[in-house]
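Whatever order the structure lists them in is the order used to number ligands and atoms, beginning at 1.
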Amino acid sequence: MKKIAALLIILVSLNASAQSTSQQDSLALRKLYDVALLHGQSYAWLDHLSNNIGGRLSGSVSAQQAVEYTKSEMEKLGLDRVWLQPVMVPKWTRGTPEYAYVQSQGGPSTTVNILALGGSVATPDTGLRANVIEVQGIEDLARYGREQIEGKIVFYNRPMRADLIHTFEAYGGCVDQRYSGAAEAAKYGAAGVIVRSLSHKIDDYPHTGSMSYGDVPNNERIPAAAISTKDAEYLSSMLKLNKDLEFYYKMNCRNYEDVESYNVIGEIKGSERPDEYIIVGGHLDSWDVGDGAHDDGAGVVQSMEVLRLLKESGIKPKRTIRVVLFMNEENGLRGGNKYAEVAKKNKENHIFALESDSGGFTPRGFSIEARDSQYEKIQGWKPLFEPYLIHYFARGGSGADIGPLKNGSTVLAGLRPDSQRYFDHHHAATDTFDAVNKRELELGAATMASLVYLVDKYGFDDIENESEILK
Ligand SMILES: [Zn+2]
């Protein structure tokens with residue numbers, strides 16, 4: 001009887017302490033959201049990054065200005081250490097604005113909106129004029145064969161699926177046309193490629209993005225451009241009327257030797273376990289059209305804000321918390337690879353990495369790459385987030401820049417904002433500061449800071465030794 005009573009007392013006190021812990025935690029989260037929404041800094045940082053610096057393509061003057069600006073802003077936060085991590089990055093320039101038109105034999109020409117894809121070679125100085133073959137994807141090339149493709153411009157026109165709720169899935173279902181379309185078409189003797197912009201919206205803005213020639217030799221590389229969705233529909237409808245029409249485009253983009261750039265890093269040293277690292281980040285580079293406010297200025301300023309929020313809220317982390325602003329996500333991922341390489345060389349134990357690179361829209365939750373037990377632990381914190389309408393905790397990809405840290409024990413996560421409008425802006429001239437809502441941006445920062453706070457406080461030690469397969 002006595003034993004049972006003692007057990008009950010233990011259980012009651014355990015329950016009480018669990019309750020007070022969770023009460024402490026909900027107060028801590030409330031404080032983080034309060035500071036973000038009442039005294040936030042992220043929006044002002046984004047304003048400067050977008051409007052005073054602008055598009056930040058790797059190797060450009062503005063990318064270097066962004067490095068210097070974010071470093072100096074981090075230095076003002078009173079972090080324990082702020083530094084630059086050198087990394088060699090590709091340099092590609094767009095040159096003068098692209099020009100393109102569609103012309104039916106002898107008839108009038110209609111100009112269309114295109115953008116060179118990042119890394120593309122230029123057209124000849126006088127431009128490239130050829131017939132067009134429309135395909136719905138790379139898999140169509142083999143069906144048409146060299147006899148129907150040689151000397152023509154391959155027009156990839158598979159649209160993003162509208163029925164997928166997760167728009168990144170729709171993007172993932174089409175991005176091979178942009179990334180590998182030129183390399184594949186070159187194998188069939190194509191003269192060039194035009195790719196339908198990766199956006200649901202039918203408008204006049206082409207969306208650029210990275211592409212690769214794979215193992216296609218230099219002298220066989222063909223120019224590649226994105227065409228706006230509206231002009232893709234126009235070109236497709238014109239081809240139905242006249243398959244012999246001609247497409248003309250002129251681009252003088254150029255690839256240079258690699259140049260030196262930097263990841264920008266700041267950290268708060270852990271008070272109890274300084275050798276365990278938690279990192280939060282986004283990528284500092286962006287495409288050159290627009291000002292990269294959503295992709296990924298938002299992730300940059302939110303990540304900086306996480307460290308500021310922890311400090312302003314009086315939270316002294318047990319583990320070392322780092323903000324990492326990665327260079328060159330868009331056309332090389334050199335920054336992400338360099339960070340992981342140095343971390344490995346220095347034998348730094350990263351327990352958690354969180355990236356924000358899905359736009360500055362209303363946060364919904366996180367997608368998580370972790371073992372079952374780690375994932376369940378994070379899911380256990382879900383009730384703490386519910387007052388802030390954060391409810392999405394699912395397994396899935398985290399972020400490109402933190403991907404190289406994947407090792408089977410580091411937990412990786414990506415902030416998941418509402419994605420319905422993201423691809424209206426992604427890699428286009430419409431990715432601008434005015435498209436970012438201040439409150440949505442701030443809510444994202446507070447949501448990230450909350451997860452960082454919980455991971456720092458509880459860690460994953462208790463489940464560290466389980467031998468599970470990473471999912
Ligand atoms: Zn991005």
Side-chain angles (χ1 to χ4, degrees), residues 42 46 49-50 53-60 62-63 66-67 70 87 89-90 92 115 117-119 160 166-172 174-175 178-179 197-199 207-211 226 261 263-264 279-304 323-337 339 353-361 363 366-367 396-404 412-419 421-433 435-436 440-441 444-445 448:
S42 56
L46 187 64
L49 208 54
S50 309
I53 296 176
R56 305 169 289 282
L57 193 55
S58 292
S60 66
S62 46
V67 165
T70 50
V87 56
V89 298
W92 174 87
L115 276 179
L117 296 182
M160 274 170 66
H166 295 275
T167 60
F168 280 86
E169 260 179 68
Y171 178 71
C174 286
V175 72
R178 189 194 77 206
Y179 191 75
S197 284
L198 298 178
S199 169
H207 295 235
T208 187
S210 64
M211 51 94 63
S261 186
N263 291 328
V264 184
I279 71 160
V280 58
H283 63 86
L284 196 48
D285 65 307
S286 77
W287 284 104
D288 53 333
V289 291
D291 59 39
H294 274 297
D295 187 13
D296 185 25
V300 163
V301 299
Q302 286 174 327
S303 300
M304 290 164 64
V323 50
V324 186
L325 310 181
F326 299 94
M327 184 50 73
N328 185 230
E329 188 272 347
E330 295 294 3
N331 56 338
L333 205 65
R334 302 278 185 87
N337 286 325
Y339 181 82
L354 171 62
E355 178 156 9
S356 167
D357 182 20
S358 304
F361 298 99
F366 303 96
S367 66
S398 52
D401 297 289
I402 59 174
L412 307 179
L415 180 71
R416 284 288 160 262
D418 184 290
S419 71
R421 284 170 288 148
Y422 185 55
F423 291 98
D424 295 357
H425 306 279
H426 185 250
H427 300 179
T430 48
D431 184 0
T432 49
F433 179 70
V436 177
E440 293 180 355
L441 182 76
M448 292 165 75

- [ ] Using side-chain contact (heavy atoms from CB on, under 4.5 Å) as the criterion, point out the one residue from Glu330, His207, His426 that pairs with Trp287.
- [x] Glu330
Task: Residue of the set Asp288, Asp295, Leu115 for which side-chain contact (heavy atoms from CB on, under 4.5 Å) holds with His427 - done: Asp295
TODO: If the plane angle is over 60° it's perpendicular, under 30° parallel, otherwise tilted; pick one for Tyr422 and Phe361.
DONE: perpendicular
TODO: Assess Asp295: does it contribute an N, O or S atom lying under 2.8 Å from the Zn ion (ligand 1)?
DONE: yes
Open item on the list: Between Glu329 and the Zn ion (ligand 1), is there a contact where an N/O/S atom of the residue lies under 2.8 Å from the metal?
Closed with: no
Task: Intermediate values then yes/no, side chain to side chain contact (heavy atoms under 4.5 Å, CB included), Phe326 and Val87 - done: CA-CA 10 Å; Phe326 299 94; Val87 56; over 6 Å; no
Open item on the list: Tell me whether the Zn ion (ligand 1) has His283 as a neighbour, meaning an N, O or S atom of it below 2.8 Å.
Closed with: yes
- [ ] Looking at Asp357, pick out the N, O or S atom nearest to the Zn ion (ligand 1) and give its name.
- [x] OD1
